[in-house]
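Written below as structure tokens is the structure these notes are about.
Below, chain A is the first sequence line, B the second, and so on; all start at residue 1. Because the structure is a prediction, the values reported are computed rather than measured.
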Protein chains: 4
Amino acid sequence: MKGEETRRRIVRAALELFSERSYHDVSMEEIARKAGVSKGGLFHHFPSKYELAKEALFYGLEIWGREVISRIQPLESAEERLWAIIDASFDFVIQSLKFSRFFLEVYEESLKQKNGLDIWKAFGSEYLGILEDIFREIGAENPRVRAFLLGALVDGFALDYLVFRDEVSVEEAKKEAFRIFTCTKRS
Amino acid sequence: MKGEETRRRIVRAALELFSERSYHDVSMEEIARKAGVSKGGLFHHFPSKYELAKEALFYGLEIWGREVISRIQPLESAEERLWAIIDASFDFVIQSLKFSRFFLEVYEESLKQKNGLDIWKAFGSEYLGILEDIFREIGAENPRVRAFLLGALVDGFALDYLVFRDEVSVEEAKKEAFRIFTCTKRS
Amino acid sequence: MKGEETRRRIVRAALELFSERSYHDVSMEEIARKAGVSKGGLFHHFPSKYELAKEALFYGLEIWGREVISRIQPLESAEERLWAIIDASFDFVIQSLKFSRFFLEVYEESLKQKNGLDIWKAFGSEYLGILEDIFREIGAENPRVRAFLLGALVDGFALDYLVFRDEVSVEEAKKEAFRIFTCTKRS
Amino acid sequence: MKGEETRRRIVRAALELFSERSYHDVSMEEIARKAGVSKGGLFHHFPSKYELAKEALFYGLEIWGREVISRIQPLESAEERLWAIIDASFDFVIQSLKFSRFFLEVYEESLKQKNGLDIWKAFGSEYLGILEDIFREIGAENPRVRAFLLGALVDGFALDYLVFRDEVSVEEAKKEAFRIFTCTKRS
DNA sequence: GATGAATGAGACTTCATTCAT
DNA sequence: CATGAATGAAGTCTCATTCAT
């Protein structure tokens with residue numbers, strides 16, 4: 001199946017470019033060049049730039065998701081699993097610093113589409129579900145909300161770290177995040 | 001001075017539009033129309049779209065900053081002040097939901113400029129300094145990092161709330177955030 | 001190949017327009033209209049106005065160069081060849097009066113480009129080489145410099161003739177130019 | 001008279017800028033800044049950019065003309081005077097290399113004006129008259145045309161020298177020019 | 001399946017010029 | 001005399017998308 005292979009090549013090229021520069025700064029022409037396809041070829045496989053970006057984004061998220069899950073699976077205690085997630089998330093964030101920006105941009109575009117928001121919930125819910133279970137085990141008062149906050153923290157960290165990278169140590173940040181998110185005040 | 005008044009009108013128009021739609025979706029033409037100026041007039045006051053956006057962003061940040069500080073000032077205990085900040089920050093995020101996106105976009109543009117990152121540090125440092133003092137008083141192990149994490153949480157919250165607004169209650173989020181950020185494990 | 005044909009049509013349209021009016025007075029829109037292409041089509045074939053102008057200029061120069069060489073080839077004596085060149089050069093200048101202005105304008109633009117001067121040397125050197133050989137045969141003291149001066153004279157003539165066309169006869173100018181450039185003082 | 005002084009300052013600023021960069025590349029704003037005047041001030045003194053450029057050009061030409069004449073006056077023989085002119089002209093050309101380009105540009109603009117050509121003849125005729133007298137004394141067959149050719153040579157030299165400055169020595173060029181322009185074949 | 005020529009709308013920006021103050 | 005805010009037309013260029021081959 002030659003088409004499938006081409007399609008994958010396009011998605012990978014797009015993901016790389018979108019992870020480096022902003023949605024509007026990457027042109028279809030450039031993606032085509034990088035993927036070794038003609039411009040027409042792109043539109044043969046994807047009806048629009050937005051659809052391609054969306055697919056590239058989810059491709060990236062899936063890779064990351066699998067990574068996280070594989071790290072968690074062998075672990076027993078909720079705290080260990082939480083640490084593994086924080087560890088993996090923060091690492092991911094600084095490995096592909098601009099990825100979150102890409103996330104936001106695709107999100108931005110999705111707002112202009114009909115029912116554009118729907119695609120996000122599916123993904124987010126799965127992630128939140130895992131965290132929620134962990135926080136419930138730990139004994140947090142409001143596991144769902146705490147899960148949401150950790151997600152937000154990771155996303156925000158991705159943004160801010162770009163600015164303050166020389167003032168904050170990632171390892172310290174992980175430890176502090178772990179510390180506060182495992183906090184269960186009893187009183 | 002007539003110029004100053006026009007300039008302010010432009011900044012306000014820009015802020016409004018940028019808070020609603022993305023940087024690339026708002027054209028200078030549109031800003032001009034909304035401000036009641038000619039397109040040329042815009043460039044008389046601002047050398048480029050980016051500079052205008054930057055000014056509009058900082059105009060917005062300043063408003064918000066003043067609001068937060070006025071809420072904090074009368075408060076005595078560190079915990080009260082922390083709550084006031086969380087309260088104000090989350091409220092601000094909800095009120096002008098898209099503002100953070102705008103923040104990110106200007107930030108994005110600034111990466112393309114020479115020394116583009118510098119402008120952020122000044123603002124961020126002031127904010128972080130205030131938080132750091134609070135966390136020191138509270139007795140956090142690593143006040144600087146915790147301050148940074150709260151900043152990140154707020155930024156991330158702004159993003160994610162757009163997607164999950166019907167699943168998460170802002171008030172619950174505030175409370176949970178306050179809970180974990182005031183956590184000081186002694187053990 | 002359809003693209004090649006369109007490209008040629010564009011170049012020809014550009015040459016015509018640039019030969020009539022100045023670089024800044026001719027807009028890409030106008031060239032597109034004349035070539036029967038859309039504005040975007042121009043930029044599909046040429047990355048910028050400058051590149052298009054450059055190509056149009058060299059297209060014109062090549063036509064002229066071929067003409068000159070075909071006139072020279074059958075001639076034996078150096079003096080005959082010199083006359084043929086002067087004859088052809090002055091004629092060319094009169095025929096396409098504004099062409100030299102165009103030459104100068106592209107040259108002007110090239111100064112703003114990196115290594116912009118390089119393109120001229122190649123062309124100029126070939127032309128100068130031919131002249132130098134002729135002057136050496138004639139017995140000029142400094143054939144290289146004299147070749148350069150004849151080139152300069154032709155270029156300057158192109159400019160000045162625009163102003164003084166009703167005071168100077170081209171044929172007389174040719175003769176006088178031939179007279180002084182064949183001069184070899186022995187003393 | 002304060003106005004006169006301002007006017008002169010503007011003309012000088014304009015001349016400097018136009019000698020460095022092209023007519024279209026120099027904006028009225030820039031001239032105003034350099035002259036220490038407001039943009040409105042420029043238009044108070046000159047009705048348009050073209051008129052200002054024209055005045056600046058003639059201001060430059062006059063300076064140069066006076067220089068040449070002062071060098072010639074004390075000289076007796078026609079050959080000495082010719083040498084002085086060639087010497088001065090070539091020197092002038094390389095001192096303010098871009099001046100001739102400026103000349104051409106103003107000329108270009110003048111073509112768009114009604115009766116735009118007239119202004120040139122006056123100046124050119126004076127210059128040509130002086131040369132013509134010299135060539136008549138020397139015994140040239142066609143003094144008028146030869147005068148015209150020397151003018152053209154100088155203008156063309158200005159252009160070409162920019163490209164070939166490292167291949168041609170100005171002093172050699174002067175000598176060779178003098179040699180051929182004093183040539184009087186008797187036969 | 002794939003190509004790449006072609007489109008056309010729209011973007012940012014520049015700039016000479018005008019005019020109220 | 002002088003200012004500088006304001007204008008509006010025009011310019012170059014970008015880019016997602018379409019379509020004949």
Side-chain angles (χ1 to χ4, degrees), chain A residues 1-4 6-7 24-33 36-53, chain B residues 1-7 10 23-32 35-52, chain C residues 1-7 10 23-32 35-52, chain D residues 1-7 24-33 36-52:
Chain A
M1 221 172 263
K2 187 122 167 301
E4 262 318 299
T6 305
R7 191 186 167 87
H24 283 93
D25 279 357
V26 175
S27 69
M28 290 298 262
E29 173 109 33
E30 206 174 350
I31 297 172
R33 210 164 36 234
V37 197
S38 73
K39 231 195 301 187
L42 245 59
F43 285 89
H44 182 73
H45 287 285
F46 300 93
S48 71
K49 185 182 186 182
Y50 166 65
E51 291 297 330
L52 168 53
Chain B
M1 219 168 257
K2 187 115 170 302
E4 265 316 304
E5 158 55 17
T6 304
R7 192 188 167 89
I10 293 172
Y23 182 79
H24 283 93
D25 281 354
V26 175
S27 71
M28 290 299 260
E29 173 109 30
E30 207 172 350
I31 298 173
V37 198
S38 72
K39 228 190 313 178
L42 248 58
F43 287 90
H44 179 67
H45 289 283
F46 301 93
S48 70
K49 186 181 184 182
Y50 167 66
E51 290 297 330
L52 168 54
Chain C
M1 219 167 255
K2 187 115 170 299
E4 265 315 304
E5 158 55 18
T6 304
R7 192 187 166 88
I10 294 173
Y23 182 80
H24 283 92
D25 280 355
V26 175
S27 72
M28 290 299 261
E29 173 110 30
E30 208 173 349
I31 298 173
V37 198
S38 73
K39 228 191 313 181
L42 248 58
F43 287 91
H44 178 68
H45 289 283
F46 301 93
S48 70
K49 186 182 184 182
Y50 166 65
E51 291 296 330
L52 169 53
Chain D
M1 219 173 262
K2 188 121 169 300
E4 263 316 300
E5 159 54 16
T6 305
R7 191 185 167 88
H24 284 92
D25 279 356
V26 174
S27 70
M28 290 299 263
E29 174 109 32
E30 206 174 351
I31 297 172
R33 209 164 36 235
V37 197
S38 74
K39 232 193 304 185
L42 244 60
F43 285 88
H44 183 72
H45 286 285
F46 300 92
S48 72
K49 187 182 186 183
Y50 167 64
E51 292 297 330
L52 169 53

(message) I want to check one thing: is the phosphate of F:dC1, taken as OP1 and OP2, less than 4.0 Å away from some side-chain N or O of D:Thr6?
(response)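 For D:Thr6, the contact criterion (side-chain N or O under 4.0 Å from OP1 or OP2 of F:dC1) is not met.
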Nearest heavy atoms of [X] and [Y], plus distance in Å:
| X | Y | answer |
| --- | --- | --- |
| C:Gly41 | C:Ile10 | O-CD1, 4.4 Å |
| A:Thr6 | A:Val37 | CG2-CG2, 4.1 Å |
| C:Lys49 | C:His24 | NZ-CA, 4.1 Å |
| B:Glu30 | B:Asp25 | OE1-O, 3.9 Å |
| D:Arg7 | D:His45 | NH1-O, 3.2 Å |

(request) When you get a sec, tell me which of E:dT17, F:dC13, F:dA2 is the closest nucleotide to the side chain of C:Ser48? (result)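 Nearest nucleotide to the side chain: F:dC13.
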(message) Let me spell it out: for each of A:Lys39 and D:His45, pick the nucleotide of DNA chain F with the closest heavy atom. Which residue's pick is nearer the 5' end?
(response) D:His45
(message) Quick check on DNA chain F: between A:Pro47 and C:Val26, whose nearest nucleotide comes earlier from the 5' end?
(response) C:Val26
(message) With nearest nucleotide decided by heavy atoms, which residue, A:Leu42 or D:Phe43, maps closer to the 5′ end of DNA chain E?
(response)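 In this pair, the answer is A:Leu42.
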(request) Map B:Glu29 and C:Gly36 onto DNA chain E by nearest heavy atom, then report which one ends up closer to the 5' terminus. (result) C:Gly36
(request) Could you tell me whether B:Ser38 contacts a base, only the sugar-phosphate backbone, or nothing, with contacts defined as non-hydrogen atoms closer than 4.0 Å? (result) base
(request) Give one of base, sugar-phosphate or nothing for B:Lys49, where a contact means two heavy atoms less than 4.0 Å apart. (result)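 Since only primed, P, OP1 and OP2 atoms lie under 4.0 Å of B:Lys49, the category is sugar-phosphate.
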From [atom1] of [X] over to [atom2] of [N], roughly how many Å is that when rounded to an integer?
| X | N | atom1 | atom2 | answer |
| --- | --- | --- | --- | --- |
| B:His24 | F:dC15 | NE2 | P | 9 Å |
| A:Phe46 | F:dT18 | CZ | P | 16 Å |
| A:Asp25 | E:dA11 | CG | C1' | 13 Å |
| A:Ile31 | F:dT14 | CD1 | P | 17 Å |
| B:Leu52 | E:dT13 | CG | P | 10 Å |
| C:Glu5 | E:dA6 | CD | C1' | 14 Å |
| B:Met28 | F:dA10 | CE | C1' | 17 Å |
| B:His44 | F:dT3 | NE2 | C1' | 10 Å |

(request) Determine whether A:Phe43 and A:Met28 make a side-chain contact, defined as any pair of heavy atoms from C-beta on separated by less than 4.5 Å. (result)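 They are in side-chain contact.
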(request) For DNA chain F, just give me the dot-bracket, please: Watson-Crick or G-U, both distances below 3.5 Å, ( ) intra-strand, [ ] crossing earlier pairs, | paired with another strand, . unpaired. (result) .||||||||||||||||||||
(request) Quick one: pull up CG in C:Leu42 and CD1 in C:Ile31 and give me the separation to the nearest 0.5 Å. (result) 6.0 Å
